[in-house]
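Okay, structure first, notes after.
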Number of protein chains: 2
Amino acid sequence: MRTPQGVSLTYGLLETLGQSIVSGFYDGRSFPTEADLCTQFSASRTVAREAVKMLTAKGLLSARPRQGTKVEPVAKWNLLDPDVTRWLMERPFSNTIYREFTEVRLAIEPVAAYLATRRGDRADIRRIRDGLNAMRDHAAEPDQALQADIDFHVSILRASGNPFFWQLRELINTALRLSIGITNKVSGHTASIPAHEAVLIAIEKGDADGAHAAMRAILLESLELIEIYDPTTTAE
Amino acid sequence: MRTPQGVSLTYGLLETLGQSIVSGFYDGRSFPTEADLCTQFSASRTVAREAVKMLTAKGLLSARPRQGTKVEPVAKWNLLDPDVTRWLMERPFSNTIYREFTEVRLAIEPVAAYLATRRGDRADIRRIRDGLNAMRDHAAEPDQALQADIDFHVSILRASGNPFFWQLRELINTALRLSIGITNKVSGHTASIPAHEAVLIAIEKGDADGAHAAMRAILLESLELIEIYDPTTTAE
DNA sequence: GCCTGATTTTCAAGTCATCGTATGATTGGT
DNA sequence: ACCAATCATACGATGACTTGAAAATCAGGC
C-alpha cells in the first residue's frame, strides 16, 4: 500500500486509509496501532495521528488508550460526508449501495424541485434549462450527455435555496456516474429527455407539485431499473 | 472562552472551536494561528493541530502555510455532520435554519415511511407503534411526549433499512426539539396524534404511497406553521 | 523616477523525533 | 474471587527543522 502524492502527507494518508476502511480491507483484522501506522507508511506520528483524527471526525474510526484504534460499524459512519461518499464510489460496484444512493435521491430531488419552483430566481432556472439543452445537444456523446444530466440535477438542488440540499451534490454526482454502468447493462436506456423536460416545464409554470411529481417519476423509474437488474437487493 | 472538561483536551477544544465558528464568532475577524490557539487555550500544539484538523475534516476550516487557518464559507460546511448539526442547534434560535431543517425532513421522512412500509419487519413496526402509543400515553407531559414523538419519527428512519436515512436521526432529533419552541409560540399546537396514527395505519396496511402522503402532510403542516410564525423567511 | 520582473525574506503551517502521562486490559499473587 | 502490579497503547507536550506561499526588497531597463 503506497501513499498517493501531490498533496500533503497527512491528506495522502487520509485518502489511503479512508479508501481501505471503506473498501472493507480492515474488516476481519484489527486496525494498526499508532506505531504500526508510522512504520507501515513510513510517516511520523504527527501525520499518522492527524489522519486518524480526521477519520475519527468522519465516524470511521474510534481510538482509546490501551484498546487501540478500531474501525467503527458502518452505522456510525458519516455517509453523507463528501469524502466518505467518494470512497464508497471508488470501491467495487455494489448494487446495494447504488440502490441506497438512489433512494436518497428519491427523497431529496423531488422536494428540491418543489422548492426550486417556489424560490428559484431567473439565473437558477436558466442553469436548469442550460442543463436540459446540453443533454439534448449532446445526446450522441455519452460523456457530455452525462455531464449535462448531472448539471441539470445539481442546478435544481442549488435552486432549492436550501444549503442542506446543496450538500448532496457530490452524492448525486456519484450516483449518476455509477448509474451509467448499470443502465447500460439493463438496456440501451439513457436519461429520458422528455421526463427531464417535464420537470423544467413545471418549474417554469410555477407548478411546484407538478415539478415534485415529475422528478419523483424519474427517480422511481431509476429504482425500478435497479430492481430489474438485481431483484435480490429489494426485500418483499 | 474556556475549554469544557470531562473529555479529552482535543475533544474539548474541538467543541469550543466548533461552537464558536458555527455561532459566527470568527466572522469578521481572522481565525487564530496555530501558535495563538496554543496560548489562548493554553493547549499544546498537538491538541490545537488535531482539533483544527478535525474541523477541517468537517469542512469548517482550511489551513495553508503562511496564509493561516481560515473559516470556510457555510457552503463548504458538512451541514449533515452530527457534530455540525448539534452546534447549529446550540446557537441562538434562527427561524431560517429551522425551516431548512424541516425542508430536509419533508424530503426524507415521507420516503422513509414509503420504504419502511415495503421493507420494515415486525420489530421495526412495533417500535413505530410503541412511539405512537407513548405519544398518546404521555400527551399531558411535554417532555415525555416530545421524546415519544422523536422515537416515532426515528423508528421510521430505521425501518427504512437505508443507512443514509438513519444518518439523519440526529438532525430530526434536533429539529423536533427546536420545534417545541416555535409551535408553542404560534399556538397551543402539539404534535397531532391522528396525523401520526394515519402514518402507522398506512404502514401496517402495506400502503406505501399512503404512508408517504400521510407523512408528507405532517411535514407540510409544520412548514406552514413556520411561515405563519415568520413569513419573511419564505420567498415568493 | 518609475514600472517590471526576479530574488530574498519571512511567517505560518507541515513534518519529525522524543519524551512523559493516563488509561484500562491482562496477569499474577494472595 | 479479589486485589494489585504490569504493560501496551493512545494522549499530550515540546523543540527543532522543512516547506510553501505571500510580501518585501532589489535590479534592470525604459
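All chains are named by letter (A, B, ...) in the order of the sequence lines, taking the proteins before the strands, and each is independently numbered beginning at 1.
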salt_bridge(B/D130, B/R127) N-O dist < 4.0 Å
no
D/dG12 phosphate, OP1 or OP2, under 4.0 Å from B/S44 side-chain N/O
no
Between P on C/dG14 and CG on A/L13, what's the gap in Å once rounded to a whole number?
15 Å
Using only heavy-atom distances, determine whether the side chains of B/N173 and B/R177 contain a donor-acceptor pair under 3.5 Å.
yes
Would you kindly give the CD-to-C1' distance between B/E50 and C/dA13, to the nearest whole Å?
15 Å
Return the value, rounded to whole Å, for the distance between atom CZ of A/F41 and atom P of C/dT15.
15 Å
Axis deviation across the helix from C/dG1-D/dC30 to C/dT30-D/dA1, five-pair ends, to the nearest 10°:
10°
Per-nucleotide protein contact string for nucleotides 3-9 of chain D, where B marks a base within reach and S marks sugar-phosphate only (heavy atoms under 4.0 Å, - for neither)
----BBB
From C-beta outward on B/T10, which listed nucleotide comes closest to its side chain: C/dA13, D/dG12, C/dC16?
D/dG12
Mind listing the closest non-hydrogen atom pair of B/M135 and B/F152 along with its distance?
SD-CB, 4.3 Å
Distance-only donor-acceptor test, A/R45 side-chain atoms vs D/dG12 base atoms, 3.5 Å
yes
For B/F165, enumerate each residue passing the ring pair (Phe, Tyr, Trp, His ring centres under 6.0 Å) test, keeping only those at least two apart in sequence or located in another chain.
none
Can you tell which of C/dT15, D/dC11, D/dA13 lies closest to the side chain of B/R49?
C/dT15
Can you measure from OG1 (A/T96) to OH (A/Y98) and round to the nearest 0.5 angstrom?
13.0 Å
Is it true that, when you exclude B/D143 itself, more than 12 heavy atoms of the residues, nucleotides or ligands shown sit nearer than 6.0 Å to its CG?
no
So, is B/T46 near the phosphate of D/dG12, with a side-chain N or O under 4.0 Å from OP1 or OP2?
no
Are OP1 or OP2 of D/dA10 and a side-chain N or O of A/K53 less than 4.0 angstrom apart?
no
Between C/dG14 atom C1' and B/L37 atom CG, what is the distance in whole Å?
15 Å
Nearest atoms (heavy-atom pairs only) where A/L171 meets A/L80:
CD1-CD2, 3.9 Å
Regarding B/R49 and A/E50, does a basic nitrogen lie under 4.0 Å from an acidic carboxylate oxygen?
yes
Rounded interatomic separation in angstrom, taking CG from B/L9 and P from D/dA10:
18 Å
Which atoms form the tightest heavy-atom contact between B/A57 and A/K58, and what is the distance?
O-NZ, 2.8 Å
Touch class at under 4.0 angstrom, heavy-atom based, for A/K70 against every strand present
nothing
What's the CG-C1' distance between B/D36 and C/dC11, to the nearest Å?
12 Å
